[in-house]
Colleague: 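Before I ask anything, let me first share the structure, which is written out below as structure tokens.
Residue indices begin at 1 and follow the sequence shown. All values below were derived from every heavy atom in this structure, side-chain atoms included, with hydrogens, water molecules and symmetry-related copies excluded.
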Amino acid sequence: QVQLVESGGGSVQAGGSLSLSCGASGGFYSYNCIGWFRQAPGKEREGVAAISGSGSNTYYADFVKGRFTISRDNAKDTVSLQMNSLKPEDTGLYYCARAWTYSCSSDSWSKATVYRYWGQGTQVTVAS
């Protein structure tokens, strides 16, 4: 059983930056597609970014393109999400998730059903 753990959340002013990290207790075991999702109060969970097993392919939601960067270090079993130019609407609980497959699909990477394992989330709060 893979248990994902997110870290790095916190509170920042608008325009600030945060870096989230996703790890797995005992390691990821395999280099599958990893996605980041977020959920704001009263809203549905939405896909933010994803990265393929090798790290060569990345995917972003339109609302974070140019501001967020996803990366991974397979030697350290970590996936990071660098978030710059944060906006109040970026506030939410951020989750990382491991997909069933090695590669991410451009058509489905943002769908929760593609992911098998989920972390508990880390809170990001952006003040205006």
Colleague: Using a 4.5 Å cut-off on heavy atoms from C-beta on, say whether the side chain of V79 contacts that of W36.
Modeller: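 They are in contact (side-chain heavy atoms under 4.5 Å apart), so the answer is yes.
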
Colleague: Hey, are the side chains of E46 and F63 touching, using non-hydrogen atoms and a 4.5 Å cut-off?
Modeller: yes

Colleague: So how far is it from R67 CZ to Q82 CD, rounded to the nearest 0.5 Å?
Modeller: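 The CZ atom of R67 sits 12.0 Å away from the CD atom of Q82.
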
Colleague: F37: which residues meet the ring-ring contact (aromatic ring centres under 6.0 Å, His included) condition with it, sequence neighbours left out?
Modeller: Y115, W118

Colleague: With clusters defined by side-chain heavy atoms of hydrophobic residues (ILVMFWY) lying less than 4.5 Å apart, directly or transitively, does V48 cluster with L20?
Modeller: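 Yes: a chain of side-chain contacts under 4.5 Å links L20 to V48.
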
Colleague: Would you check if M83 and V124 make a side-chain contact, meaning some heavy-atom pair closer than 4.5 Å?
Modeller: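 Yes, close enough: below the 4.5 Å cut-off.
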
Colleague: Without swapping roles, check the side chain of S52 against the backbone of N57 for a donor-acceptor pair under 3.5 Å.
Modeller: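 Such a contact is found between S52 side chain and N57 backbone.
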
Colleague: Any side-chain heavy atom of R98 within less than 4.5 Å of one from L4?
Modeller: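 Side chain of R98 against side chain of L4, heavy atoms only: contact under 4.5 Å found.
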
Colleague: Can you find a heavy atom in the side chain of Y117 that is under 4.5 Å from one in the side chain of N32?
Modeller: no

Colleague: Determine the minimum heavy-atom distance between Y31 and N74, stating which atoms define it.
Modeller: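 Nearest heavy atoms, Y31 then N74: OH-O, 3.4 Å.
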
Colleague: Taking side chain to side chain contact (heavy atoms under 4.5 Å, CB included) as the test, write out the residues that go with V12, two or more places apart.
Modeller: L18, L86, V126

Colleague: Okay, side chain of E6, backbone of Q120: is any donor-acceptor separation there less than 3.5 Å?
Modeller: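 Yes, the answer is positive, given that a donor and an acceptor are paired below the 3.5 Å cut-off.
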
Colleague: For residues 99-107, please give each side-chain donor-acceptor pair under 3.5 Å, one per line with the distance, not counting sequence neighbours.
Modeller:
unit_1	atom_1	unit_2	atom_2	d
T101	OG1	S103	O	2.8
Y102	OH	S54	N	3.2
S105	OG	D107	N	3.1

Colleague: What are the two closest heavy atoms between A24 and V2, and how far apart are they?
Modeller: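 Scanning both residues completely, I find the closest heavy atoms to be CB-CG1, 4.0 Å.
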
Colleague: Strictly distance-based, threshold 3.5 Å: is any side-chain N or O of S110 a donor or acceptor partner for the main-chain N or O of G47?
Modeller: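 No, because the side chain of S110 does not come within donor-acceptor range (under 3.5 Å) of the backbone of G47.
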
Colleague: Could you list the residues that satisfy side-chain hydrogen bond (donor to acceptor under 3.5 Å, both in side chains) with Y94, not counting sequence neighbours?
Modeller: R38

Colleague: Could you name each residue pair satisfying salt bridge (Lys or Arg N to Asp or Glu O under 4.0 Å) that touches residues 52-63, not counting sequence neighbours?
Modeller: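 Applying salt bridge (Lys or Arg N to Asp or Glu O under 4.0 Å) to every pair that reaches into residues 52-63, excluding sequence neighbours, yields D62-K65.
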
Colleague: With sequence neighbours excluded, tell me which residues meet side-chain hydrogen bond (donor to acceptor under 3.5 Å, both in side chains) with S17.
Modeller: N84

Colleague: Is Y59 linked to L81 within one hydrophobic cluster, defined over Ile, Leu, Val, Met, Phe, Trp and Tyr using a side-chain heavy-atom separation of less than 4.5 Å?
Modeller: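 In one cluster: no.
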
Colleague: Atom OG in S128, atom CD in Q13: separation rounded to 0.5 Å?
Modeller: 8.0 Å

Colleague: If only atom types and distance count, is the side chain of R45 paired as donor or acceptor with the main-chain N or O of L93 below 3.5 Å?
Modeller: no

Colleague: Restricting to side chain to side chain contact (heavy atoms under 4.5 Å, CB included), what partner residues turn up for T58, sequence neighbours left out?
Modeller: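 With neighbours one apart ignored, the set is I51, Y60, I70.
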
Colleague: Got a sec, which residues hit side-chain hydrogen bond (donor to acceptor under 3.5 Å, both in side chains) with R116, two or more places apart in sequence or on another chain?
Modeller: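 Checked R116 against side-chain hydrogen bond (donor to acceptor under 3.5 Å, both in side chains); zero matches.
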
Colleague: If two hydrophobic side chains count as joined below 4.5 Å and joins carry through other members, does Y95 share a cluster with V114?
Modeller: yes

